[in-house]
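Structure first, commentary second.
Keep in mind that what you see is a predicted model, and the values were worked out from it rather than measured. Side chains are part of it too, since the values below use all heavy atoms of this structure and drop only hydrogens, waters and symmetry mates. We count residues from 1, following the sequence as given.
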Amino acid sequence: MIPPLLFFLIFKYYPMINAVLAFKDYNVIKGIWGSDWVGFQNFRLFFENPLFWTLVKNTILLSGYLVLAGFPIPIVLALMINEVRGAKFKKFVQLVSFAPYFISTVVMVSMIMLFLAPRLGFVNIALNFFGLDSVNFLGEPGMFRSIYVWSDIWQTAGYSAVIYLAALAGIDPTLYEAAKVDGASRFQKIRHVDLPGLVPTIVIILILNVGNVMAIGFEKVYLLQNPLNLANSEIIATYVYRIGLLNANYSFATAVGLFNSLINLVLLVTVNGLAKRVTKNSIW
């Protein structure tokens, strides 16, 4: 256990000490600990920023959309794969659904841009074939969230389904035998055996997903951004990048990032408490 513990201590916990930068006016010459203390000034500047509510809204809407649309699909996919009787076909479906997970973010975004290109994209060629006008999908702010979410679901659903398949494999076989003796149909087995057996896994993954609502992936959002869709694509993570790295305002960017992390922590603790009270399953 030493290597993974060292990894978390060095790259996760030790850097937290420098979060004090959020409460200082960072000066390169003075360093983090020598810079002047400004208290909550950086947080106040962020809360008073005209973009504050836009950033929070975009982040929550994009993350919420991803959780609501993407959370049940791997469960349904796992249940469907589990019901397949042909071993070869079952492996083929698992391979096809799992393979997109290994596509890098940059390649995935390149594929999306190629497919949705206004003039030569496959989707617009198909629309033109049926007599419809071309659509600049990535230039429409209203389409950004759907493009992001459904491409992410296509890429990750197969990988997420593996977790549920593992949980299904751990269900006591005698429950299926008892259901068969009672004359239960396939759908009744799914409802009364499979789903109750998946509840602990579903609750844990849901808690983790909600706990990351404000930590939506930076790379894919940033790569899909352009001046036309910025109204819906600018989220807290991309804003921190622009302010912190491009404008070298490290103290302000740290304050924004710390605020983001605190919201995630509150959501995680709240959902974990609710899940423990309702389902008796929780992370702690």
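Side-chain atoms of Lys24 come within 3.5 Å of backbone N or O of Trp33 as a donor-acceptor pair. With hydrogens and angles disregarded, a donor-acceptor distance shorter than 3.5 Å links the side chain of Ser35 to the backbone of Asn27. Distance alone, capped at 3.5 Å, places no donor-acceptor pair between the Ser146 side chain and the Met143 backbone. Between the Asp182 side chain and the Ala184 main chain, no donor and acceptor come within less than 3.5 Å of each other. Using modelled atom types, one side-chain atom of Asn232 and one backbone atom of Pro141 make a donor-acceptor pair closer than 3.5 Å.
By the criterion of side-chain heavy atoms lying less than 4.5 angstrom apart, applied directly or through intervening Ile, Leu, Val, Met, Phe, Trp or Tyr residues, Leu258 is not grouped with Val38; the two fall into different hydrophobic clusters.
Taking the centre of each ring, Phe137 and Phe115 stay at or above the 6.0 Å mark. For Tyr241 and Phe218, the ring centers are positioned less than 6.0 Å apart. Ring centers of Phe46 and Phe52: under 6.0 Å apart, within the cut-off. In this structure, Phe252 has its ring center at least 6.0 angstrom away from the ring center of Tyr26.
Contact record, Leu21 with Thr254: CD2-OG1, 3.4 Å, taken as the closest heavy-atom pair. Contact between Ile235 and Gln225 at its shortest, heavy atoms only, is N-NE2, 4.4 Å. In terms of heavy atoms, Asn42 sits closest to Ser251 at ND2-CB, 3.6 Å. Across all non-hydrogen atoms, the minimal contact from Asn124 to Val135 is OD1-N, 2.7 Å.
Between the side chains of Tyr65 and Trp150, at least one donor-acceptor pair of N or O atoms lies under 3.5 Å. Between the side chains of Ser134 and Asn128, at least one donor N or O lies within less than 3.5 Å of an accepting N or O. Side chain to side chain, Tyr239 and Asn58 fail the donor-acceptor criterion of an N or O pair below 3.5 Å.
A cation-pi geometry, defined here as NZ or CZ lying under 6.0 Å from the six-membered ring centre and within 45° of its normal, does not hold between Lys189 and Tyr176.
Environment of CE in Met111: crowded, with over 12 heavy atoms of neighbouring residues, nucleotides or ligands closer than 6.0 Å.
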